[in-house]
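Read the numbers this way: they start at 1 and go in the same order the structure lists the ligands and their atoms.
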Amino acid sequence: MNNLNSIAKGWFSEICDMWPGIALSIEIERVLFSKKTRFQQIDLFQTKSHGKMLVLDGIIQLTEADEFAYHEMMTHVPLFAHPDPKSVLVIGGGDGGVLREVGRHQCIESIDFCEIDDEIIKLSKKFLPKIACGFDDPRISIHIEDGSRFITRQKNRYDVIIVDSSDPIGPGEKLFEKPFYLGLKNALKKNGIIATQGESFFIHKEYVKNLVKITKQLFPVQAYSYMLVPTYPGGHLGICLASLGPELKQPARSMPENFQEKLQYYSLKIHRASFVLPYFAQEMIDGI
Ligand code: SPD
């Protein structure tokens, strides 16, 4: 675990230079898994109130209690914005949560999945079966590789690309830089859409501005959405979206029958609402 982070008196505190002066604390029952891999420190805790909690380099990636909010929004906002997604790439998210959500779309024919650290996949399959069930889909091809390298070989292949990254410290750093976004653009088919982990407009203003600047420079259509997640800093997280054509703020398809009842957060109504930002955040984005 990150040196700065600690478990004191049975509480895990998430302390990070990216959000100075604040820390979210969660009460822990026990440590289920702890390992330093080639890429990062992985910890899995049984919490008292939020089920299991996955932590990478001391930063909370998910808890079983609220992972649905992040995974549903990261996935269904870009997929419902596309009129006919058939080919999808997911970069990062070795827990399988985004894959689980992608798999709900029957219209999708192939799903490429690229993850740098296969230890996360193994851990999720063992300890987080309700999330890792995403890996059971026969349409998935798994590539264990750094996403920033994988993307350089992909041209004109995908209708939708979802980047489920950790924060821009450690192995996720390159996934927040312009060359990677150029790779994403080149990997898209005509009318393709990207959705990337967009940090917080309250806490990470400089990161958000940089992502918006990059996507505005490279793509004809750009938009920023967000969802509520109580166990992320500030209780919310943004999605940076961009497309080669389709409008992003309106769903382009209706929802198949029986789809909504399997979800807890996403709906076509919240799709539209998630792009309505607080005044200061919209001003910040419009000013770029
Ligand atoms: N500050 C933490 C942001 C984490 C985003 N990625 C979560 C991965 C879950 N699949």
Any nitrogen or oxygen of [X], main chain or side chain, under 3.5 Å from a nitrogen or oxygen of ligand 1?
X      : value
Ser165 : yes
Asp95  : yes
Asp167 : yes

Q. Can you tell which part of Leu54 has a heavy atom less than 4.0 Å from ligand 1: side chain, backbone, both or neither?
A.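 Neither; no heavy atom under 4.0 Å.
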Q) Is the side chain of Glu14 donor-acceptor paired with the backbone N or O of Ile60 at a distance under 3.5 Å, no angle test? A) yes
Q: Could you tell me whether a side-chain N or O of Glu101 sits under 3.5 Å from a main-chain N or O of His76, the two making a donor and an acceptor?
A: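 Checking the backbone N and O of His76 against the side chain of Glu101, no donor-acceptor pair under 3.5 Å is found.
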Looking at ligand 1, is there an atom of it that comes within less than 4.0 Å of some heavy atom belonging to [X]?
X      : result
Ile131 : no
Cys16  : no
His71  : yes

Q: Quick one: pull up OH in Tyr158 and CG in Asn156 and give me the separation to the nearest 0.5 Å.
A: 11.5 Å
Q) With sequence neighbours excluded, what pairs up with Glu115 under the side-chain hydrogen bond (donor to acceptor under 3.5 Å, both in side chains) test? A)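 Glu115 satisfies side-chain hydrogen bond (donor to acceptor under 3.5 Å, both in side chains) with no residue once adjacent residues are dropped.
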Q. Which of these, Tyr232, Phe201, Tyr70, sits in a ring-ring contact (aromatic ring centres under 6.0 Å, His included) with Tyr226?
A. Phe201
